[in-house]
Amino acid sequence: MSGKWGGKCWKPTMLDRDSKKWLKDTVKGLVKFDEPMSRHTSFKVGVSADAFVAPQSLKELKTIVKWAWENDLEYMVIGDGTNLLVKDCGIRGIVLVLTRGFKDILTKDDSKDIKEGDVKVSVMAGCRLQALCRYAIEKGFKGMNFALGIPGSVGGAVAMNAGTSAGTMGKVLDMVKVVMPTGREKEIKKPEINFSYRKLTWGKEVKRFYPKKPIIVESRFCLTKGDPIKIKKEADDIVKCRREKQPQDSLSAGCFFKNPLSGKTAGELIEMAGLKGKRIGGAKISEIHANFIVNCGRASASDIFTLKESVQEKVSEMFNIDLEPEVKIVG
Ligand SMILES: Cc1cc2nc3c(=O)[nH]c(=O)nc-3n(C[C@H](O)[C@H](O)[C@H](O)COP(=O)(O)OP(=O)(O)OC[C@H]3O[C@@H](n4cnc5c(N)ncnc54)[C@H](O)[C@@H]3O)c2cc1C
């Protein structure tokens, strides 16, 4: 492997034989050791996680998190891995994945705290965001169309405050249910969460556990009842527009950089810097959308990382603007 941290960031496993045995004996859902993360990310890069665990139920998830807390073991939760660059040294500790369960969607329009015309939709974190969008269209609920075409899970979308210029998850969210780093379950209402551009910041009560973070297990959204035909028409237009503007079938994590707060978008700056099509190893700046870094098939995480650095350097040199990654770089 090449690059700044390609082969040199090896760290020993966090899991000893007893921990592995505990996981195997306790968890009824999927448990794999030394699982390549390239199988679980849209970039299709990243070597192994010490353990890859898909709990079957909320009870099981809470048991694992409590055990990790008591034994000082690190974990991270992933959804569909569509916004992740896993370093070539892999992930030490446990990767928890909720997309193999935790999929239910439930509508509530009978509780007292609902305004006339509103509906509350509760969704488990492992549900695909596109499944939620389709559900809203079928039911004639307005408010989710902005998220059409964004891949990944609902939990990941809330954690990233995913969105487009037409809306964000934070705008429609009403409440989340989380599992705290201690394994305790907690409901957190929207006023206790700060949403900003592709970012969720937890309030004080949660922050005291930092760097450990809560796991979102359920989110409740406030949507409005609308005309199903109009909602479907709007949805078709949004999907068509996305298809024309973004690379569809390439291996990427979507927009790699956040747009600067004013002025040109990250994609425009990268294009103006003459970087469209630039390639390092198997990683390339997309010809269709300059803010997409794509894996042409054989990229290592290091290739993608090195390309990201060269883009940042060139844009800074030419426009004096520091581009901040939107993609989470982990490992
Ligand atoms: C082709 C393409 C197009 C895209 N277009 C867009 C777009 O238009 N707008 C946009 O905002 N994004 C876009 N993305 C990025 C990505 O799809 C979103 O950020 C998505 O919401 C990530 O969801 P995920 O389940 O894949 O999360 P992951 O990538 O698995 O995780 C992302 C982050 O969320 C955290 N996380 C995941 N699940 C949970 C949970 N249950 N509890 C707590 N934390 C959690 C992870 O730890 C990680 O930090 C695009 C990606 C691709 C590949």
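Being a predicted model, the structure only gives us computed values, none of them experimental. Read the numbers this way: they start at 1 and go in the same order the structure lists the ligands and their atoms.
- Distance alone, capped at 3.5 Å, is enough to place a donor-acceptor pair between the Glu60 side chain and the Lys28 backbone.
- Geometrically, ligand 1 and Arg198 share a nitrogen or oxygen pair separated by less than 3.5 Å.
- Residue Asn83 has at least one nitrogen or oxygen atom sitting less than 3.5 Å from a nitrogen or oxygen atom of ligand 1, judged on distance alone.
- Every atom of ligand 1 with a heavy atom of Gly155 under 4.0 Å away is listed here by number and element: 38 (N), 39 (C), 41 (N).
- The N/O atoms of Arg242, backbone and side chain alike, include one that comes under 3.5 Å of an N/O atom in ligand 1.
- Close N/O approach between Thr164 and ligand 1 is not found [any backbone or side-chain N/O within under 3.5 Å].
- In this structure, Lys20 places its NZ atom where more than 12 heavy-atom neighbours from other residues, nucleotides or ligands lie under 6.0 Å away.
- Checked against Asp236 for a salt bridge (Lys or Arg N to Asp or Glu O under 4.0 Å), the options Lys240, Lys233, Lys232 give a single hit: Lys232.
- Per-residue contacts place Met76 under 4.0 angstrom from the following atoms of ligand 1 (heavy atoms of the residue considered): 47 (O).
- Ranked by closest heavy atom to atom 31 (O) of ligand 1, the top entry among Leu98, Ile216, Val294, Leu84 is Leu84.
- Relative to atom 18 (C) of ligand 1, the option among Thr82, Thr168, Thr99 with the closest non-hydrogen atom is Thr82.
- The shortest contact between atom 33 (C) of ligand 1 and any protein heavy atom is with Met160 SD, 3.8 Å.
- A 6.0 Å sphere centred on NZ of Lys186 holds more than 12 heavy atoms belonging to other residues, nucleotides or ligands.
- Checked by distance only, ligand 1 and Gly79 come closer than 3.5 Å through their nitrogen or oxygen atoms.
- The backbone N or O of Asn259 lies less than 3.5 Å from a partner atom in the side chain of Tyr197, making a donor-acceptor pair.
- Taking distance alone, with nitrogen or oxygen atoms compared against 3.5 Å, Pro151 approaches ligand 1 more closely than that limit.
- Atom 13 (C) of ligand 1 has Ile150 CG2, 3.7 Å as its closest protein atom, hydrogens excluded (heavy atom only).
- Nearest residue to atom 35 (C) of ligand 1 from Ser219, Cys255, Ala159 is Ala159 (criterion: closest heavy atom).
- By the neighbour-count criterion of 12 heavy atoms within 6.0 Å, atom NZ of Lys212 is densely surrounded, having more than that number from other residues, nucleotides or ligands.
- Regarding atom 21 (O) of ligand 1, its nearest protein heavy-atom neighbour is Ala157 CA, 3.2 Å.
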Evaluation steps, side chain to side chain contact (heavy atoms under 4.5 Å, CB included), between Val327 and Lys308: CA-CA 11 Å; Val327 169; Lys308 161 224 164 242; over 6 Å; no
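- Side chain of Asp174 to main chain of Arg220: no donor-acceptor pair is present (N/O by atom type, distance under 3.5 Å, no hydrogens or angles).
- Heavy atoms of Met169 stay at 4.0 angstrom or farther from ligand 1.
- Gly81 N, 3.6 Å is the protein heavy atom nearest to atom 28 (P) of ligand 1.
- Looking at Asn71, its side chain never comes within 3.5 Å of a backbone N or O of Leu73 through a donor-acceptor pair.
- Against a heavy-atom cut-off of under 4.0 Å, Ile78 is close to the following atoms of ligand 1: 30 (O), 37 (C), 38 (N).
- The shortest N or O to N or O distance between Val77 and ligand 1 is under 3.5 Å.
- Inclusion of Gly163 in the set of residues having an N or O under 3.5 Å from an N or O of ligand 1 is warranted.
- In terms of protein heavy-atom proximity, atom 24 (P) of ligand 1 is closest to Asp80 N, 3.5 Å.
- Sorted by first and then second residue, the pairs that involve residues 34-45 and meet side chain to side chain donor-acceptor pair (under 3.5 Å), not counting sequence neighbours, are Glu35-Arg39, Glu35-His40.
- Residue Lys139 qualifies as open at atom NZ: its count of foreign heavy atoms under 6.0 Å is 12 or below.
- Between the Arg279 side chain and the Leu307 main chain, no donor and acceptor come within less than 3.5 Å of each other.
- Close approach of ligand 1 to Ala253 is summarised as follows: ligand atoms under 4.0 Å from at least one heavy atom of the residue are 15 (C), 51 (C), 52 (C), 53 (C).
- Scanning Gly156, Ser153, Gly126, Gly152 for the heavy atom closest to atom 37 (C) of ligand 1 points to Gly156.
- Atoms of ligand 1 lying under 4.0 Å from any heavy atom of Gly254, numbered from 1 in the order shown and given with element: 2 (C), 3 (C), 4 (C), 50 (C), 51 (C), 52 (C), 53 (C).
- Lys225 places no side-chain N or O within 3.5 Å of a backbone atom of Gly117 that could act as its donor or acceptor partner.
- Between Phe141 and Tyr135, the two ring planes are perpendicular [angle over 60°; tilted spans 30° to 60°].
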